[in-house]
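Working notes, beginning with the structure itself.
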Amino acid sequence: MRKTLTFLMIINFCVSTSYAATEQEMIKESKYAIKDFAGQLKSRLMEGISKGGPVTAIQICNQVAEDIAKDVSERHGWKISRTSLKPRNIKNAPDAWEASVLQSFEKRKFAGEDIAKIDYVEIVQKNGQSVFRYMKAIPTQGLCLSCHGDLISPDVSDKLRQLYPDDKATGFQVGDIRGAFSIVREIK
Ligand code: HEC
């Protein structure tokens, strides 16, 4: 009896530690995929701004953000996207889980946590399937204000209104949480 118990305890320990290891591994891979996605977005943004100013860059963001997300998702084998409590593109609106995580990020920021380090992971159950979900906060930087800040030039405003009639992503300040990267991955 005691032997069986010990055996079960060992099995249990192995399963839970390997599960934790997988989770840590997935967090690491998520961070890597996010770096890849953010890096590509930023370089396209900078390229657009230097070529034709913010109005040209808006068009680039509008056309390429989704393609880059698809490309990175395919290469890393999971779904990666950006979301926000105040989205510009309605397609980036959060689902219920993402909205509650974004709200918790606001509370954590208010409590003094460094936004650059705010993230959250959870294994959720969907239709009997375990799903790994990970989110990482995106800080607002000076570079973002020409399109997400308080003082937006009229030509930029016009272009934004034309492309995004329901735009909620203005009025941000440096140090605000602009949104988050979100990763969804089914666990086989
Ligand atoms: C040249 C204008 C411009 C600049 C500068 C800019 N953005 Fe955006 N941003 C956009 C546009 C346009 C979209 C909508 C993209 C789409 O259609 O998916 C967007 C969307 C986003 C989204 C996705 C959620 C949403 O609101 O739809 C996030 C997050 C975001 N931007 C963060 C940033 C951050 C952080 C910076 C600064 C590092 C930044 N942006 C700089 C134009 C800009």
Side-chain angles (χ1 to χ4, degrees), residues 30-76 78-109 113-121 133-184:
S30 299
K31 286 186 178 166
Y32 182 69
I34 287 170
K35 260 204 185 127
D36 184 1
F37 185 31
Q40 286 196 52
L41 271 174
K42 203 164 177 178
S43 66
R44 295 302 290 268
L45 188 67
M46 305 286 271
E47 190 188 308
I49 291 178
S50 70
K51 268 193 190 147
V55 176
T56 308
I58 291 170
Q59 265 157 318
I60 293 179
C61 276
N62 172 252
Q63 287 155 12
V64 305
E66 211 176 325
D67 292 345
I68 299 176
K70 260 192 208 139
D71 169 61
V72 176
S73 300
E74 272 162 24
R75 271 191 297 114
H76 293 273
W78 44 29
K79 186 175 160 274
I80 182 165
S81 58
R82 292 185 304 169
T83 186
S84 172
L85 288 173
K86 288 169 71 186
R88 169 149 292 160
N89 188 334
I90 197 80
K91 284 192 197 158
N92 299 329
D95 65 19
W97 185 86
E98 287 168 333
S100 74
V101 174
L102 283 164
Q103 275 151 7
S104 76
F105 282 3
E106 291 295 341
K107 282 187 200 141
R108 287 166 63 180
K109 182 202 147 203
E113 243 181 276
D114 176 4
I115 310 176
K117 295 195 181 119
I118 294 183
D119 64 355
Y120 181 72
V121 64
R133 298 201 72 168
Y134 176 78
M135 279 174 77
K136 188 167 196 328
I138 304 174
T140 307
Q141 300 165 291
L143 164 71
C144 323
L145 300 184
S146 55
C147 297
H148 293 296
D150 270 327
L151 293 167
I152 297 182
S153 69
D155 54 341
V156 171
S157 266
D158 286 351
K159 190 76 210 169
L160 288 174
R161 212 169 304 125
Q162 187 193 327
L163 290 170
Y164 306 99
D166 297 320
D167 186 10
K168 293 191 178 65
T170 55
F172 285 89
Q173 285 170 7
V174 172
D176 284 342
I177 297 177
R178 177 55 270 273
F181 291 104
S182 179
I183 286 192
V184 180

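FYI, side chains are in, hydrogens and waters are out, and symmetry mates aren't considered; it's all heavy atoms of this structure. Both ligands and their constituent atoms are indexed starting at 1 by order of listing. Predicted model, so just to flag it, every value in this text is computed and none were measured.
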**Item:** Protein contact to atom 43 (C) of ligand 1 [nearest heavy atom, distance to 0.1 Å]
**Value:** C147 CB, 3.5 Å
**Item:** Proximity of S146 to ligand 1 by residue part, where a heavy atom lies under 4.0 Å
**Value:** side chain
**Complete:** Here the atoms of ligand 1 under 4.0 Å from any heavy atom belonging to Y164 are 12 (C), 14 (C), 15 (C), 16 (C), 17 (O)
**Fill in**
Contact region, L45 to ligand 1, non-hydrogen atoms below 4.0 Å, reads side chain
**Request:** For ligand 1, find out whether one of its N or O atoms is nearer than 3.5 Å to an N or O atom of T140.
**Result:** no
**Request:** Could you find the nearest protein heavy atom to atom 5 (C) of ligand 1 and give me its residue, atom name and distance?
**Result:** L143 O, 3.4 Å
**Numbering as shown, the atoms of ligand 1 that approach P87 to under 4.0 Å (heavy-atom distance)** = 25 (C), 26 (O)
**Item:** Side chain, backbone, both or neither: the part of R82 lying under 4.0 Å from ligand 1 by heavy atom
**Value:** side chain
**Basic-acidic side-chain contact under 4.0 Å: D67, R44** = no
**Request:** Could you tell me the residue and atom name of the protein heavy atom closest to atom 38 (C) of ligand 1, and the distance to it rounded to 0.1 Å?
**Result:** C144 SG, 2.7 Å
**Fill in**
Under 4.0 Å from one or more heavy atoms of I138, ligand 1 contributes atoms 29 (C), 35 (C)
**Request:** Using a 4.5 Å cut-off on heavy atoms from C-beta on, say whether the side chain of L85 contacts that of E106.
**Result:** yes
**Message:** When you compare the side chains of N89 and Y164, does any donor N or O come within less than 3.5 Å of an acceptor on the partner?
**Reply:** no
**Message:** Looking at atom 8 (Fe) of ligand 1, is there an N, O or S atom belonging to H148 that lies under 2.8 Å away from it?
**Reply:** yes
**Asked** Would you call the rings of Y32 and H76 parallel, tilted or perpendicular, where under 30° means parallel and over 60° means perpendicular?
**Response** perpendicular
**Prompt:** Within the side chain of S84, is there an N or O that forms a donor-acceptor pair under 3.5 Å with the backbone of R178?
**Reply:** yes
**Request:** With heavy atoms of P139 as the reference, note each atom of ligand 1 found under 4.0 Å away.
**Result:** 35 (C)
**Request:** Pick one of side chain, backbone, both or neither for how K42 approaches ligand 1, counting any non-hydrogen atom pair under 4.0 Å.
**Result:** neither
**Message:** Testing the 3.5 Å rule here: is there a donor-acceptor pair between the side chains of Q162 and D158?
**Reply:** no
**Prompt:** Taking the side chain from T83 and the backbone from N92, do they hold a donor-acceptor pair closer than 3.5 Å?
**Reply:** yes
**Request:** Would you indicate whether the side-chain heavy atoms of K70 and S73 approach each other to under 4.5 Å?
**Result:** no
**Prompt:** Counting only heavy atoms not in E66, do more than 12 sit closer than 6.0 Å to its CD atom?
**Reply:** no
**Message:** Residue-level breakdown please: for N89 versus ligand 1, do any non-hydrogen atoms fall below 4.0 Å on the side chain, on the backbone, on both, or on neither?
**Reply:** both
**Item:** Side-chain ion pair, D71 and R75, N-O less than 4.0 Å
**Value:** yes
**Complete:** If you scan protein heavy atoms around atom 32 (C) of ligand 1, the nearest is R178 CG, 3.2 Å
**Asked** What is the closest protein heavy atom to atom 24 (C) of ligand 1, and at what distance does it sit?
**Response** N92 ND2, 3.7 Å
**Request:** Report the nearest protein non-hydrogen atom to atom 13 (C) of ligand 1: residue, atom name, distance rounded to 0.1 Å.
**Result:** R88 CD, 3.5 Å
**Complete:** P54 heavy atoms within 4.0 Å reach ligand 1 at atoms 1 (C)
**Message:** Which heavy atom of P94 sits nearest to which heavy atom of A99, and what is that distance?
**Reply:** CB-N, 3.7 Å
**Request:** For Q141, counting its heavy atoms only, list the atoms of ligand 1 lying under 4.0 Å from any of them.
**Result:** 38 (C)
**Message:** Less than 4.0 angstrom from a charged side-chain N to a carboxylate O is my criterion; do K51 and E47 meet it?
**Reply:** yes
